[in-house]
Protein chains: 4
Amino acid sequence: MSEFRIEITTGSRTPIYRQIVDQVRLAAATGALPAGYAMPSVRILAEELLVNANTIVKAYAELVREGVLESHQGKGFFVAAKRQVYSRAERTRRLQQALDSFIHQVAFLDFSADEICKAVAERLQDLHAQLDSVRARA
Amino acid sequence: MSEFRIEITTGSRTPIYRQIVDQVRLAAATGALPAGYAMPSVRILAEELLVNANTIVKAYAELVREGVLESHQGKGFFVAAKRQVYSRAERTRRLQQALDSFIHQVAFLDFSADEICKAVAERLQDLHAQLDSVRARA
Amino acid sequence: MSEFRIEITTGSRTPIYRQIVDQVRLAAATGALPAGYAMPSVRILAEELLVNANTIVKAYAELVREGVLESHQGKGFFVAAKRQVYSRAERTRRLQQALDSFIHQVAFLDFSADEICKAVAERLQDLHAQLDSVRARA
Amino acid sequence: MSEFRIEITTGSRTPIYRQIVDQVRLAAATGALPAGYAMPSVRILAEELLVNANTIVKAYAELVREGVLESHQGKGFFVAAKRQVYSRAERTRRLQQALDSFIHQVAFLDFSADEICKAVAERLQDLHAQLDSVRARA
DNA sequence: GTGGTCTAGACCACG
DNA sequence: GTGGTCTAGACCACC
């Protein structure tokens with residue numbers, strides 16, 4: 001029984017394989033997926049998410065390339081031991097970059113700064129609550 | 001009086017026409033491009049940016065559809081007076097979509113929710129400061 | 001179960017891509033095209049209608065922007081669930097614009113206001129009847 | 001002093017010259033512009049409407065071609081004596097055609113039939129009131 | 001297989 | 001001069 005759930009948003013502008021990569025990378029970085037954790041097989045995950053198996057293959061391949069996962073021939077994919085660590089500068093750079101894109105998309109929608117901040121805070125709270133619940137069960 | 005310049009980076013994963021749309025839309029939203037401003041003609045801008053004219057046409061057409069620009073036959077494109085094109089539901093939908101993408105990019109960077117919220121608030125403040133300064137000059 | 005066919009008249013003063021947009025939009029609004037319906041692929045439709053594929057791309061893209069269709073990468077275009085994309089103000093603006101054009105075409109025909117109103121009412125009734133019949137079959 | 005005013009909607013999808021043609025044809029057909037009436041000169045009208053003189057030239061030329069106006073060399077343009085008369089069938093055909101286009105544009109805007117009928121009735125009333133006031137002054 | 005973007009160039013309509 | 005449409009064909013990304 002796996003307590004970690006990937007959720008994909010169909011019809012989003014970001015392709016499915018990238019959503020998977022992002023979420024697994026995230027979960028590994030935050031510890032939701034501990035080192036050595038056995039990822040669901042390509043087949044199983046494809047069925048679960050109702051997507052093409054090739055999409056999963058592509059996502060796992062990219063995660064291996066990034067060092068997030070390790071492929072053990074014939075056994076499957078496992079979360080790598082050595083976690084990716086970013087320097088403070090790199091992390092800040094990435095945050096600012098994501099912010100740029102976010103602001104660009106949202107600025108013209110005529111929401112007040114308060115509304116936007118509130119929405120961001122809400123989402124972050126949801127996310128952390130979800131992660132905590134996964135950790136508690138683990 | 002500051003000239004408005006569009007800058008594109010070819011080879012980016014965001015298509016050229018979208019880079020143009022985003023920049024013009026933002027500039028119009030903040031008032032950097034005032035209503036009535038005559039945009040550079042399709043052919044001129046295409047030459048300036050070293051892209052095909054059809055790419056500019058596509059970008060301008062999308063901006064017209066969003067109510068940011070107006071097309072006057074034989075005269076060119078002009079910045080439109082601000083109006084609310086999208087329904088509240090649609091705007092919320094778009095905010096949530098942008099949020100999705102932002103959160104997924106940012107969550108695994110190990111910033112606290114407070115830090116992220118603060119960064120967002122700061123950026124929004126910058127944006128509104130810019131808007132106010134444009135208004136003051138008018 | 002009635003097949004849905006798009007019919008275009010080349011050489012009309014309304015461009016091909018707009019003829020497609022109008023027909024699909026109306027069919028979706030009346031329920032003739034149910035939500036989830038898989039539209040013919042760009043290439044197939046281009047072949048059927050004997051027009052360039054880019055013309056279809058343009059039409060479908062516009063329908064996506066209006067919320068009528070959804071694009072699923074690698075799978076095709078599907079009729080979207082109905083939602084309110086435009087603000088009340090925008091919808092009113094569009095109604096007034098259509099009215100302008102209609103009135104100018106019709107006023108000089110020397111029909112009385114009553115006759116014209118009656119004709120409009122009749123057509124609208126036909127439309128709603130069609131909508132109801134589609135719902136009833138569902 | 002001319003009591004007949006052409007009003008153009010800039011930014012409409014229908015070109016300016018066509019708006020002029022439609023309105024003059026209409027006014028001539030309803031009698032608002034009596035036979036023999038001297039149209040404003042190309043220059044004057046261009047100034048009044050704030051459009052290019054060539055646009056007026058084009059509109060007048062089309063009206064002459066249709067038999068609505070007559071050009072008297074060196075004196076200007078005059079409303080033709082023999083008014084265009086359509087057969088009942090032709091008038092009905094044109095009404096239905098205009099209706100088609102109107103319904104197409106409006107159907108997906110989610111206005112109730114009542115709202116639309118009311119809007120149409122209102123516009124027709126405005127138009128007739130305007131025509132009556134012009135006639136009264138003549 | 002699907003859609004998405006971009007280029008190049010033609011032709012038309014509008015002002 | 002301006003924008004608007006359409007064609008033809010290339011190349012890419014996604015599934």
Side-chain angles (χ1 to χ4, degrees), chain A residues 8 10-20 46 49-59 62, chain B residues 8 10-20 38-46 49-61 64 69-78, chain C residues 8 10-20 38-46 49-61 64 69-78, chain D residues 8 10-20 46 49-59 62:
Chain A
I8 62 171
T10 168
S12 161
R13 206 202 284 92
T14 58
I16 295 174
Y17 90 94
R18 181 155 291 281
Q19 294 184 41
I20 298 172
L49 303 184
L50 298 172
V51 300
N52 192 299
N54 289 331
T55 306
I56 310 293
V57 169
K58 187 169 184 177
E62 174 140 350
Chain B
I8 62 170
T10 90
S12 157
R13 82 163 104 350
T14 61
I16 297 172
Y17 88 93
R18 183 154 291 284
Q19 295 181 41
I20 298 172
M39 296 297 292
S41 85
V42 167
R43 290 153 168 85
I44 296 284
L45 189 54
L49 302 183
L50 299 173
V51 301
N52 189 285
N54 284 334
T55 305
I56 308 294
V57 168
K58 191 172 181 179
Y60 277 8
V64 168
L69 297 184
E70 282 172 2
S71 162
H72 291 198
Q73 261 292 11
K75 295 198 214 158
F77 288 88
F78 299 82
Chain C
I8 61 170
T10 90
S12 157
R13 82 164 104 350
T14 61
I16 298 172
Y17 88 93
R18 183 153 291 284
Q19 295 182 41
I20 299 172
M39 296 297 293
S41 86
V42 168
R43 290 154 170 83
I44 297 284
L45 189 54
L49 302 184
L50 298 172
V51 300
N52 190 285
N54 285 334
T55 304
I56 309 293
V57 168
K58 191 172 180 178
Y60 278 8
V64 168
L69 297 185
E70 282 173 0
S71 161
H72 292 198
Q73 260 291 13
K75 294 197 215 159
F77 288 88
F78 300 81
Chain D
I8 62 170
T10 168
S12 160
R13 206 203 282 94
T14 57
I16 295 174
Y17 90 94
R18 181 156 290 283
Q19 294 184 41
I20 297 172
L49 303 184
L50 297 172
V51 302
N52 192 299
N54 290 331
T55 307
I56 309 294
V57 169
K58 188 169 182 177
E62 174 139 352

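Heavy atoms only: backbone and side chains are in, while hydrogens, waters and symmetry mates are out. Residue numbers start from 1 in every chain, and the chains themselves are labelled A, B, ... in the order their sequence lines are given, proteins ahead of strands.
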Sugar-phosphate or base contact per nucleotide [nucleotides 5-15 of chain F; S, B, -; heavy atom under 4.0 Å]:
BBBBB----BS
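When the P atom of E:dC14 is taken as reference, atom CD1 of D:I56 falls 14 Å away, rounded to whole Å. With rounding to whole Å, B:E70 atom CD is found 15 Å from F:dG3 atom C1'. Atom-to-atom, CD of D:E62 to C1' of E:dG15 comes out at 15 Å; the value is rounded to the nearest Å. Taking atom CG of B:L45 as the reference point, atom P of F:dT2 lies 12 Å away to the nearest angstrom.
Qualifying salt bridge (Lys or Arg N to Asp or Glu O under 4.0 Å) partners for B:R43, counting only residues two or more places apart in sequence or in other chains: none. Residues satisfying the side chain to side chain donor-acceptor pair (under 3.5 Å) test with D:T10, not counting sequence neighbours, are none. In this structure, the ring-ring contact (aromatic ring centres under 6.0 Å, His included) partners of C:Y60, at least two apart in sequence or on a different chain, are C:F77. For D:R13, the salt bridge (Lys or Arg N to Asp or Glu O under 4.0 Å) criterion is met by no residue, not counting sequence neighbours. Legend: residues meeting ring-ring contact (aromatic ring centres under 6.0 Å, His included) with C:F78, ordered by chain and number and at least two apart, are C:H72. Not a single salt bridge (Lys or Arg N to Asp or Glu O under 4.0 Å) links B:E70 to another residue, sequence neighbours left out. For C:A46, the side chain to side chain contact (heavy atoms under 4.5 Å, CB included) partners two or more places apart in sequence, or in a different chain, are C:A53, C:I56.
For the atom pair OG1 of C:T14 and CD1 of C:I20, the computed distance is 10.5 Å after rounding to the nearest 0.5 Å.
Contact check, B:S41 against F:dG1: no side-chain N or O comes under 4.0 Å of OP1 or OP2.
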How does DNA chain F read in dot-bracket, base by base from 5' to 3', with Watson-Crick or G-U pairs under 3.5 Å and | used when the partner is on another strand?
||||||||||||||.
